[in-house]
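Quick notes on the structure that follows.
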2 protein chains.
Amino acid sequence: MSRDPRLHPRKQPRQVRAELTRRRILEAAAQVFTEYGYAAGTTNRIAEYAGVSIGSLYQYYPNKDAILLELMLAHLDSGEEEATRRQTGELPGTAEGLMRLFVQAAIANHLEDPRLLRVMVEQAPRSPELLQRVYQFKNERNAHTRDLLRRYREVRVSDLETAARIINATIELVVHQVVAEHEPIDLQRLEDELVAMFTRYLTA
Amino acid sequence: MSRDPRLHPRKQPRQVRAELTRRRILEAAAQVFTEYGYAAGTTNRIAEYAGVSIGSLYQYYPNKDAILLELMLAHLDSGEEEATRRQTGELPGTAEGLMRLFVQAAIANHLEDPRLLRVMVEQAPRSPELLQRVYQFKNERNAHTRDLLRRYREVRVSDLETAARIINATIELVVHQVVAEHEPIDLQRLEDELVAMFTRYLTA
DNA sequence: CACCATTATGAGCAATCATTCAGTTCTTGC
DNA sequence: GCAAGAACTGAATGATTGCTCATAATGGTG
């Protein structure tokens, strides 16, 4: 893994207050990016929100991109964690139950902070390192989905790999759009229809 | 319709060369935004690409946003035109045929210039006027899709409205993602699987 | 040709921002 | 309690960029 030195912290905190400062900066960045977007979310504003001088910010982050990168990595990590946590539970008895689990998880995830998520998605292409991680994450999720689908006898599609990719992409994107936009859609109905579509697709 | 004066051309061209200049600027803008993205696609760079002075650019566009807005409106218009053109032809005999038509159109459309499209999608939320138009466009498309679906007896979903929305959103987003990203996916397979999914959903 | 509206030019202004660094304050270990 | 390093400060810098405006060139018209 090639780490771009222009994207990683310059200094490892050694005192407690330094760790606190780091965290305050990161939380402020999340707030500011959410409120103003990436371009208008200036580093000075982040420092101000964090109640910290701009100089302190630059002691821990070599530049603005590095701050967003850390936010993104944190988001990915929490998503991954969530996924493995769900994996340990009982599997639903039907493919429909499985699909419902998927859709519900996506809706919940995107309801969290759609605006910050949007900033992240928009800026992601700027960091090859991040793209690499996102790509890997999606691949693993697709593989995992495929393995889950394989356990259900009712699932009849021949190419589970492609089915898994389409299902995951559809869930992610449709839910993201519908939740992020201000379209007044009934989330319950969205959930039901997506589940129906996937189930019929898989078990036709 | 409220037209924001800060987004519309200051001057109507009266001579041929002025019209030419306008067009050159717009084409250059498409190129520059495609190559550099919106933020790094500076107005000076656009003027340079157009072989025109920066002053000329500002005679026709009051600011940078207005340029992108015009590009977006042009894209929407061409899409609408394409849609009505397709409407005049013969309807396919089966719902599957209809879905294939939809998916093929989306793939073709997105294959055109994914990077410029991406810039547009990212920047769209900045213009309420544009959002309004996009929203209207989607509503009309959904209504149209719903009407088409109604003509097929094999279609058995109860809520055609929601079905139309989900189908259109899925097509647009999945195709956009898969085409725009560099994922090596077989477009033919993508088409087939999407068609299969929609058909089974509709006719289950 | 002569006149004027239209169009084109591009140096430079003003504002914004990411980032630096010299100096100050705080913590820790002895 | 005192050095020495760690952490923090914020005015200043330098670079970028959207945009203006005074001036020049061009085209149409009588």
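What you see is a predicted model, and the numbers here were worked out from it, not measured in a lab. Every chain is numbered from 1 and lettered A, B, ... according to where its sequence line falls, protein lines coming before strand lines.
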Any Ser56(A) side-chain nitrogen or oxygen under 4.0 Å from OP1 or OP2 of dA7(D):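 No, because none of the side-chain N or O atoms of Ser56(A) sits under 4.0 Å from OP1 or OP2 of dA7(D).
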Rounded (10°) bend between the five-pair end axes of the helix from dC1(C)-dG30(D) to dC30(C)-dG1(D):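 That helix has its two terminal axes inclined by roughly 10°.
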Gap separating the CD1 atom of Ile171(B) from the CG atom of Leu194(B), nearest 0.5 angstrom: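 One finds 7.0 Å between CD1 of Ile171(B) and CG of Leu194(B).
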Separation of Leu149(A) CG from Leu160(A) CG (nearest 0.5 Å):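 That separation rounds to 6.0 Å.
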Between N or O atoms, less than 3.5 Å apart, protein on one side and nucleotides 24-30 of chain D on the other: list the pairs.
residue : atom : partner  : partner atom : Å
dT26(D) : O2   : Arg17(B) : NH2          : 3.3

Pair [X] + [Y], salt bridge at N-O below 4.0 Å:
X: Arg22(B); Y: Glu70(B); result: yes
X: Asp147(B); Y: Arg150(B); result: yes
X: Arg141(B); Y: Glu172(B); result: yes

Ring pair (Phe, Tyr, Trp, His ring centres under 6.0 Å) partners for Phe33(A), two or more places apart: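 With sequence neighbours excluded, Phe33(A) shows a ring pair (Phe, Tyr, Trp, His ring centres under 6.0 Å) to Tyr38(A), given in chain and number order.
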Residue whose closest nucleotide on DNA chain D lies nearer the 5' end, Thr21(A) versus Gly55(B):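 That would be Thr21(A).
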Neighbours of DNA chain D within residues 42-54 of chain A, by heavy-atom distance under 4.0 Å: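 Going residue by residue through residues 42-54 of chain A, the ones with a heavy atom under 4.0 Å of DNA chain D turn out to be Val52(A), Ser53(A), Ile54(A).
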Rounded to whole Å, how long is the line connecting atom [atom1] of [X] with atom [atom2] of [N]?
X: Arg23(A); N: dC8(D); atom1: CZ; atom2: C1'; value: 18 Å
X: Tyr60(B); N: dG18(D); atom1: OH; atom2: C1'; value: 19 Å
X: Leu20(B); N: dT6(C); atom1: CG; atom2: P; value: 18 Å
X: Leu57(A); N: dA7(D); atom1: CG; atom2: P; value: 15 Å
X: Ile67(B); N: dT17(D); atom1: CD1; atom2: P; value: 15 Å
X: Gln59(A); N: dT20(C); atom1: CD; atom2: P; value: 12 Å
X: Lys64(B); N: dA15(C); atom1: NZ; atom2: P; value: 19 Å
X: Tyr58(B); N: dC19(D); atom1: OH; atom2: P; value: 4 Å

Worked check of side-chain hydrogen bond (donor to acceptor under 3.5 Å, both in side chains) between Glu48(B) and Asn44(B): CA-CA 6 Å; Glu48(B) 189 189 339; Asn44(B) 281 285; over 6 Å; no
Residues in side-chain contact (heavy atoms from CB on, under 4.5 Å) contact with Tyr36(A), at least two apart in sequence or another chain: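 So Tyr36(A) forms a side-chain contact (heavy atoms from CB on, under 4.5 Å) with Val32(A), Ala40(A), Arg45(A), Tyr49(A).
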Qualifying residues under side chain to side chain donor-acceptor pair (under 3.5 Å), relative to Arg115(A), sequence neighbours excluded: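 Not a single residue meets the side chain to side chain donor-acceptor pair (under 3.5 Å) criterion with Arg115(A).
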Non-hydrogen atoms of Ala164(B) and Asn142(B) that approach each other most closely: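 Scanning both residues, the minimum pair turns out to be CB-O, 3.6 Å.
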Worked verdict on Glu140(A) versus Gln136(A) for side-chain hydrogen bond (donor to acceptor under 3.5 Å, both in side chains): CA-CA 6 Å; Glu140(A) 283 166 6; Gln136(A) 183 189 340; 3.2 Å; yes
